[in-house]
There are 2 protein chains.
Amino acid sequence: MPEPADTAWLRTVAHEVRSFDRSSTAERVAELLRSRVIEGDLPPGTRLSEEQLVEVLHVSRNTLREAFRLLTHEGLLVHRLHRGVFVPELDEDDLVDLYRLRRTIECDVVRRLEGLDAVRLRPLYDAVAAGEDAARRGDWGAAGTANMRFHQQLVALAGSRRLDETTARLLAELRLAFHAIAVPQRLHEPYVSRNRGLLDLLTAGEVEQAAKELEAYLHDSEAELLAAHRERPRS
Amino acid sequence: MPEPADTAWLRTVAHEVRSFDRSSTAERVAELLRSRVIEGDLPPGTRLSEEQLVEVLHVSRNTLREAFRLLTHEGLLVHRLHRGVFVPELDEDDLVDLYRLRRTIECDVVRRLEGLDAVRLRPLYDAVAAGEDAARRGDWGAAGTANMRFHQQLVALAGSRRLDETTARLLAELRLAFHAIAVPQRLHEPYVSRNRGLLDLLTAGEVEQAAKELEAYLHDSEAELLAAHRERPRS
DNA sequence: ACCTAGAGAGTTGTTGAACAATCCCTCAAG
DNA sequence: CTTGAGGGATTGTTCAACAACTCTCTAGGT
């Protein structure tokens, strides 16, 4: 029951900022940093200073470090002993590795699909539509986001919790690579329509053909990304 | 309903925490707890009390909690807000999910294999031999360990860091389920010879046939485990 | 008998300060 | 140019205290 809400509000507001919802402070800090990393606000190689972040976020060092752990395990930060945490710089081997995992998971999921119907495919239609819309507007950032959602939802059709988690982490890491390169149109444009084609195959129940197309799709995407990666970097 | 963790198993090795160097204290604590969970010393459902472990291990709560994070990410512990960390109790859905992931990864790895030779297959031969040896001795715990090693090395043939990590976590979780059931012979015996058969197919370069056999193998193993799980539990 | 609220005990969540260990840069010596 | 010894800055770890939460048990109302 509410208390006499004269000054109690002032006394408790500071804490509400930290613990209103059901997650821990560390998780909320992690969420904050996660979005910054995923949005590309922090360039790869950046060191996240404990001192600075404690100052800005108004949390203790211990809590901040717990948030670091969470993100490190998601692959969004790397931790070097006695040196701190950094936004990862993915090299070509990482990109190849990530696409290897993508092909393994996504193609296998598609190949094993059965009993598809419009209801189950609904999230995929939404994602494809969002991608087409973003492309029309020339908003390639949004197109990239929609593409990620498409593939996440594709895997979600398998109904496997661990497959979903692995994919989420995989796509988050991949996003780091996209930001580091910054030629969004070239990387995203071809796949807007290919996503539509893939979805049409699924709607028709042609899972084997869809899997083959997806395999080629991912190979092409990997090649594009690697080529872009070789052109740009001057590190 | 699990009582406070029995810490007798820890006292004998508490000093080990200090003997190693070269890694952080949290990692050493995690390694210690990891082996205890994997060996089945801590039954599923056990709560790991911060207070007790801090007392026994002589590390601070912060360090201990960092170790908890590591193990939580590996799936060897689960964390419930304001309630503590527990050894997970896997239900049938988890088992089905784990085998789904196994089939996806292992079968795909096998299917894409090429350029195999005796050198690359060497770790697999060793694991199979260890399994056969353990079976001869009737040491079904060791047979299980050898089996895990076989599958880990199988995936390692793909040469993918992330595939290896995912598999390591997957097999560690699966091991929890084996401990919870404890009919080791029935669960491990048939697969000693099937591993040998699988390896022969790989040696002959019959990857497609090996993949099909592995698919059936994993289905059978899953069915056995589920059946054993339904018979035993008295939760 | 049932449920409901609430107090109390026990455990986890978070903080801030302190000190130790390590890295990295600078600068002097060879 | 290389090597190695400070020294400053940052991370690793510990500790103690308090806040917040869960669980259990009890008292009171219906």
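Proteins come first, then strands; the chains are lettered A, B, ... in the order of their sequence lines, and each starts at number 1.
Across the protein-nucleic acid pair, A/E55 atom CD and C/dA17 atom P stand 12 Å apart, rounded to whole Å. One atom, CZ of A/R83, and another, P of D/dT11, lie 11 Å apart when rounded to the nearest Å. With rounding to whole Å, B/L81 atom CG is found 9 Å from D/dC21 atom P. Rounding to whole angstrom units, CD of residue A/Q52 and P of D/dT10 are separated by 9 Å. As rounded to whole Å, 10 Å separates atom P of C/dG16 from atom NE2 of A/H58. Separating the CD atom of B/E50 from the P atom of D/dC15 is a distance of 14 Å, rounded to the nearest angstrom. In this structure, B/R80 atom CZ and C/dT11 atom C1' are separated by 14 Å, rounded to whole Å.
With sequence neighbours excluded, the residues forming a salt bridge (charged side-chain N to carboxylate O under 4.0 Å, His left out) with A/E66 are B/R65, B/R69, listed by chain and number. The ring pair (Phe, Tyr, Trp, His ring centres under 6.0 Å) test applied to B/F68 returns no partner, not counting sequence neighbours. Listed by chain and residue number, B/E50 satisfy the salt bridge (charged side-chain N to carboxylate O under 4.0 Å, His left out) test with B/R61 (two or more places apart in sequence, or in another chain). Every residue meeting the salt bridge (charged side-chain N to carboxylate O under 4.0 Å, His left out) condition with A/D97, not counting sequence neighbours, appears here in chain and number order: B/R162. Residues passing the salt bridge (charged side-chain N to carboxylate O under 4.0 Å, His left out) test with A/R34 are A/E31, A/E74, sequence neighbours excluded.
A salt bridge links B/D94 and A/R161; the closest N-O separation between the charged side-chain nitrogens and carboxylate oxygens is under 4.0 Å.
Checking the phosphate oxygens (OP1, OP2) of C/dG13, a side-chain nitrogen or oxygen of B/H79 falls inside 4.0 Å. Between C/dT14 and A/T25, a contact under 4.0 Å exists linking OP1 or OP2 to a side-chain N or O.
Contacts between residues 61-76 of chain B and DNA chain C, defined by a heavy-atom separation under 4.0 Å, are made by B/R61, B/R65.
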Using a cut-off of under 3.5 Å, enumerate the N/O to N/O pairs linking the protein to nucleotides 5-9 of chain D.
none

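Residues in residues 146-159 of chain B take part in no salt bridge (Lys or Arg N to Asp or Glu O under 4.0 Å) pair, two or more places apart or across chains. Sorted by first then second residue, the ring-ring contact (aromatic ring centres under 6.0 Å, His included) pairs that include residues 139-167 of chain B, not counting sequence neighbours, are B/H151-B/Y217.
A centroid separation of 6.0 Å or more is found between the aromatic rings of B/H219 and B/Y99.
Of the candidate nucleotides C/dT15, D/dT11, D/dT14, D/dT11 has the atom lying nearest to any side-chain atom of A/R47. Comparing C/dT14, D/dG12, D/dT22 against the side chain of A/S24 picks out C/dT14 as the nearest. Of the candidate nucleotides C/dG13, C/dC23, D/dT14, C/dC23 has the atom nearest to the side chain of A/H82.
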